[in-house]
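Predicted model, so just to flag it, every value in this text is computed and none were measured.
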Amino acid sequence: APAIVSLALISYDREGWKVLMGKVSEADYLSVPHSNYPCPPYAAIEWMNRYLPDGSKILFVGEGRSFRSNHLAVTASVMDPQPLVELCKDVSTGRELAQKLRQQRITHLFLNRDEALRTENYGFFSFDRASSNVLRDFWEHNVQLAWASGGLSVYRLLSDEESTSLHAAPPNPFLRWFPHDAAGNS
């Protein structure tokens, strides 16, 4: 009986009961933060499920929760290094990074900026000077913003051909985590 009472109190506290009772839709509940569900990725995952083509594979950055995604996802828990950072450390240029992502059949990158900021003290984004230069070069030539809302962004990995054509690069959301000199320049 104590376990049932504890479960009931936890469920009440998290307001999940509102979904069960039909007072709030599942989508509305999952779209807002809760004490045990901060910085929800729900809106982005729903957008990707609806608009990305079948066969898409998404690299989740700053977000480990992919449980509602209908697409293949590459994620990392809060205890693991971010795959994007590790890939940047394994190559020398942005072009090489793009090729590695394409070899892994990654088609999109999803960034939950708010979750990345919430957990930044864990040191996921440990870019050194070389890896930050790789990501800067990659970002300038190989991605296109597909969708954004609040702190959620989905980027399309451009084809090799598209990356060589002239296009406006989206703002680089990773500059915050790049090494800075004494003057604050990255």
Check whether [X] reaches the backbone of [Y] with its side chain - one donor and one acceptor, N or O, closer than 3.5 Å.
X: Ser69; Y: Ser66; answer: no
X: Asn142; Y: Phe138; answer: yes
X: Gln82; Y: Val61; answer: no
X: Thr119; Y: Tyr122; answer: no
X: Thr107; Y: Lys57; answer: yes
X: Asn133; Y: Arg129; answer: yes
X: Arg102; Y: Leu158; answer: yes

Inter-residue atom distance [X].[atom1] - [Y].[atom2], 0.5 Å rounding:
X: Asn49; Y: Leu52; atom1: CG; atom2: CG; answer: 8.0 Å
X: Asp54; Y: Asn70; atom1: CG; atom2: CG; answer: 9.0 Å
X: Leu59; Y: Leu87; atom1: CG; atom2: CG; answer: 7.0 Å
X: Phe125; Y: Leu117; atom1: CZ; atom2: CG; answer: 8.5 Å
X: Ile106; Y: Phe60; atom1: CD1; atom2: CZ; answer: 10.5 Å
X: Gln103; Y: Glu96; atom1: CD; atom2: CD; answer: 10.0 Å

Quick check on the hydrophobic clustering: are [X] and [Y] connected, directly or via other members, by side-chain heavy-atom contacts under 4.5 Å?
X: Val91; Y: Phe127; result: yes
X: Tyr51; Y: Leu111; result: no
X: Val143; Y: Val154; result: no

Locate the shortest heavy-atom distance separating [X] from [Y]; write the atom from each residue and the value.
X: Pro81; Y: Glu86; answer: CB-OE2, 3.5 Å
X: Val134; Y: Thr93; answer: CG1-O, 3.6 Å
X: Leu145; Y: Ser153; answer: CD1-CB, 4.2 Å
X: His167; Y: His141; answer: CE1-O, 3.2 Å
X: Ser163; Y: Asp160; answer: OG-O, 2.7 Å
X: Arg118; Y: Cys39; answer: CD-SG, 3.9 Å

Quiz item: Who are the ring-ring contact (aromatic ring centres under 6.0 Å, His included) partners of Trp147, not counting sequence neighbours?
Solution: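 By the ring-ring contact (aromatic ring centres under 6.0 Å, His included) rule, Trp147 matches Trp47.
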
Less than 4.5 Å apart, any side-chain heavy atom of [X] and any of [Y]?
X: Leu72; Y: Ile58; answer: no
X: Glu63; Y: Leu152; answer: no
X: Phe124; Y: Glu120; answer: no
X: Ser126; Y: Lys89; answer: yes
X: His108; Y: Leu157; answer: no
X: Leu97; Y: Trp139; answer: no
X: Met48; Y: Phe110; answer: yes
X: His71; Y: Ser56; answer: yes

Practice problem: Using the side chain to side chain contact (heavy atoms under 4.5 Å, CB included) rule, take Thr164 and Arg95 through it: C-alpha gap first, then chi angles, then the decisive distance, then the call. | Solution: CA-CA 10 Å; Thr164 59; Arg95 183 179 176 92; 4.2 Å; yes

Exercise. Using the side chain to side chain contact (heavy atoms under 4.5 Å, CB included) rule, take Phe174 and Leu84 through it: C-alpha gap first, then chi angles, then the decisive distance, then the call.
Key: CA-CA 11 Å; Phe174 299 99; Leu84 181 62; 3.8 Å; yes

Practice problem: Apply side-chain hydrogen bond (donor to acceptor under 3.5 Å, both in side chains) to Glu162 and Ser165, showing your working. | Solution: CA-CA 5 Å; Glu162 289 173 314; Ser165 65; over 6 Å; no

Practice problem: Would you check, one step at a time, whether the test side chain to side chain contact (heavy atoms under 4.5 Å, CB included) holds for Asn172 with Phe178? | Solution: CA-CA 11 Å; Asn172 188 328; Phe178 288 178; 4.1 Å; yes

